[in-house]
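These notes are about the structure you will find just below.
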Amino acid sequence: MAMVAITNPQLSFNLFYCSVTGREASISRQTASRIRYRFSSSRWLSLNSSSSTNRRYSFDSFKSRCSIANTDVHLNHVAVEDEDISAVDIGCRTTPIVQLKSDVLDTESLSILTGDTYVDSLLTTLPVLTEEEQKTLAATPAHPEGLYAFYASCLAGNLVEQLWNFAWPSAIALLHPSLLPVAVMGFLTKLVIIIGGPLVGKLMDHSPRVPSYIFLNVVQASAQLLSAAMIIHAHTVSPASTSSILLRPWFAVLVLAGAIERLSGVALGVAMERDWVVLLAGINRPIALAQANAVLNRIDLLCEIAGTSLFGILLSRYDPVTCLKLAASLMVWSLPIMISLTWLTNKLSTGVLDRAKCCQASRRTSDEGPLPDAQNFVSTGLEAIKHGWREYIQQPVLPASLAYVLLYFNVVLTPGSLMTAFLTQRGLNPSVIGGFSGLCAFMGVAATFLSASLVRRFGILKAGAVGLTFQALLLTIAVAVYQSGTLSQRSPLLLFLCLIVFSRLGHMSYDIVGAQILQTGIPSSKANLIGTTEISVASLAESLMLGVVILANDVSHFGFLAMLSVLSVVGAAWMFCRWLLNPTVEQRSLFSFDPQL
């Protein structure tokens, strides 16, 4: 490949893959140059030289390729005349690449710069930022107005989602005194996420961001409304036994709608946290991106506090059907708000979301051919899962990731659908249940500030060990309180719940610190692949535990399920501490900045 730099006082440009075939040409030079032309016959040609000034340059048609290798070329004048000089017969295929007319360049002295001279002249014109200016730039979002509109959209969407995540298990638990319906719904939903997650992610990669985001919001809201309608129907008909409820048509529709709702929610969460916020904050602005991630985390937790508390208060004052109707009304009103804020986000960010996706789509179309059809999505998804598992096992911080996965076996001693159903069936006031879930989320907000202090005092790795150990200790005490058999009294029950609430402080601290550990230890080129695979592995772990809950669905078996949950947390703490006490050479290299290692 030849690169020719042509400069004069008015013009400077580069020509790549310069193919020069003119019927006539003349070149003036002061020093000899060895120019090798690649023709079909591999011949060496020598062109006559002549000098000319105050002429115009004309390159009519370009037919043959040329390359300059290991050559220092110094030309004072370049001229191409219209008169007949000496015809050059070139036997090459006709591939016109560039055409320059005679009125493009003026007949002034031109000089071809060497590589070093060209780079030096270019660097002298680049501005250099001071350290303070660089920090200010790193902390300034690329599109601040669009980022604020994006925050508002996340606030509206997360509030409805968190409210519904608390509403549906509470309403189902009031139908039957068993954990089986909630466990079956959770188990099937996790299976749908494991199988359908890669397929939906691949589809979103090849679709425009804004339309696909709005479409998923519509799908999620529709699934929530359909689920609410099915639960309302179940409350209006005569109550049935636990075994027969699983065979009812409305329950099958409820499971299907719930799986679609959760799959859409996961896809929206990945799009917000892995794609949109990076483009709006700026991928090359680390401080702004870190601040945006923290804001999204706090929005999610605050919405969990508000959503659970709101529905808990409503459920304590009104019947379940009225509460579900109010929740459905909130879903309907919030949908146009989210769509409007999504459109406003793209507009305030000057359409950066559309432009980036168009570039990716065109690049993929040219490099990989047309998009795969519906039949190939299954095979493509299976290949993606297989490749992701292989890369996941080979990551250098696998023990830290496995400890994170083990925490997902804890589906009982954590705020969620099963704990909500358990407390509802024990006759606890819905406002107290909502307050319990809200306090757990508040501990997550506090953990976002506590984790920074833990890292400064203990280092990043030991901070993770502290969080896991703290959670395992408090949950062990909570299970001991439950096994004592005194939960029928109010004070032991409140102590049991308080221990779970404070254990969330350790859980969320490790969740934040563990994310930083994985970001440090996983190469950036494999971060998305390993991250999505980790979500699939965690969903698989949670589905296995939900399978155990299905087998032991009676409330009397809650103590056994709680014991399994606390053992998973203790196992996670042991695995991480063992990895920390026996650091490898690669571990020391990755975390060499950690003063406590």
Under 3.5 Å, is there a donor-acceptor pair between the side chain of Thr189 and the main chain of Met185?
-> yes
Indicate the atoms forming the closest heavy-atom contact of Trp579 with Pro396, along with that distance.
-> CZ2-O, 4.4 Å
What pairs with Tyr408 under side-chain hydrogen bond (donor to acceptor under 3.5 Å, both in side chains), at least two apart in sequence or on another chain?
-> Tyr404
Residues Glu304 and Asn165: side-chain donor-acceptor under 3.5 angstrom | no
Taken to the nearest 0.5 Å, the spacing of His557 NE2 from Leu551 CG works out to 10.5 Å
Report yes if some heavy atom in the side chain of Phe576 is under 4.5 Å from a heavy atom in the side chain of Pro399; otherwise report no.
-> no
In Å and rounded to the nearest 0.5 Å, what is the CG to CG distance from Asp319 to Leu314?
-> 11.0 Å
Beyond-backbone contact of Leu324 with Trp164, side-chain heavy atoms, under 4.5 angstrom = yes
Do you know which two heavy atoms are closest between Val405 and Ala538, and how far apart they sit?
-> CG1-CA, 4.2 Å
Taking every non-hydrogen atom, the tightest pair across Ala446 and Leu505 = CB-CD1, 4.1 Å
Test: Lys347 and Glu145 ion pair at under 4.0 Å = no
Is there a side-chain contact (heavy atoms from CB on, under 4.5 Å) between His143 and Val352 once you walk through the steps?
-> CA-CA 9 Å; His143 305 280; Val352 66; 3.9 Å; yes
Point-to-point distance, once rounded to the nearest 0.5 Å, from CG of Leu468 to NE2 of His507 = 9.5 Å
If you round to the nearest 0.5 Å, how far is CG of Leu330 from CG of Leu310?
-> 7.5 Å
Count the heavy atoms belonging to other residues, nucleotides or ligands that lie under 6.0 Å from CZ of Phe502, then report whether that count exceeds 12.
-> no
Contact summary for Leu413 and Ile500, nearest pair of heavy atoms = O-CG2, 3.9 Å
May I ask you to test the Met230-Phe251 pair for a side-chain heavy-atom distance under 4.5 Å?
-> no
Evaluate side-chain contact (heavy atoms from CB on, under 4.5 Å) for Ser227 paired with Trp168, printing each intermediate quantity in order.
-> CA-CA 8 Å; Ser227 300; Trp168 74 263; over 6 Å; no
Any side-chain heavy-atom pair from Thr424 and Ile433 closer than 4.5 angstrom?
-> yes
Distance, nearest 0.5 Å, that separates CG of Asn217 from CG of Leu341 = 10.5 Å
Examine distances only and state if a side-chain atom of Thr414 and a backbone atom of Val411 form a donor-acceptor pair shorter than 3.5 Å.
-> no
What's the shortest heavy-atom distance between Gly312 and Phe166, and which atoms?
-> N-CE2, 3.8 Å
Would you check if there is a donor-acceptor pair between the side chains of Arg317 and Ser431 at a distance under 3.5 Å?
-> no
Got a donor-acceptor contact below 3.5 angstrom from the Arg504 side chain to the Cys440 backbone?
-> no
Polar side-chain atom of Ser543 near backbone of Leu540 as donor-acceptor pair, under 3.5 Å = yes
Test side-chain contact (heavy atoms from CB on, under 4.5 Å) on Leu406 and Val569 and set out the steps.
-> CA-CA 7 Å; Leu406 281 176; Val569 178; over 6 Å; no
Side chains of Leu546 and Leu418: closer than 4.5 Å at any heavy-atom pair?
-> yes
For the student: nearest non-hydrogen atoms of Ala306 and Leu159, plus distance | CB-CD1, 3.9 Å
So Leu499 and Ser503, side-chain contact (heavy atoms from CB on, under 4.5 Å) or not? Walk me through it.
-> CA-CA 6 Å; Leu499 289 171; Ser503 71; over 6 Å; no
Checking His233 side chain against Ala228 main chain: does a donor-acceptor pair fall under 3.5 Å?
-> no
Is it true that a side-chain atom of Ser212 and a backbone atom of Arg209 form a donor plus acceptor pair closer than 3.5 Å?
-> yes
Lys/Arg cation over aromatic Phe449: Arg298, 6.0 Å, 45° cone = yes
Taking the side chain as every heavy atom from C-beta outward, state whether Val432 and Phe436 have any pair of such atoms under 4.5 Å apart.
-> no
Can the ring centroids of Tyr213 and Trp276 be said to lie less than 6.0 angstrom from one another?
-> yes
Has the side chain of Asn553 got a donor or acceptor atom that lies under 3.5 Å from a matching backbone atom of Ile550?
-> yes
Would you say Ser565 and Met545 make side-chain contact, with heavy atoms under 4.5 Å?
-> yes
Could you tell me the separation between the CD atom of Gln224 and the OG atom of Ser334, rounded to the nearest 0.5 Å?
-> 7.5 Å
For the residue pair Val160 and Gln220, establish whether any side-chain heavy-atom pair is separated by less than 4.5 Å.
-> no
Are Phe470 and Tyr510 near enough that their ring centres are under 6.0 Å apart?
-> no
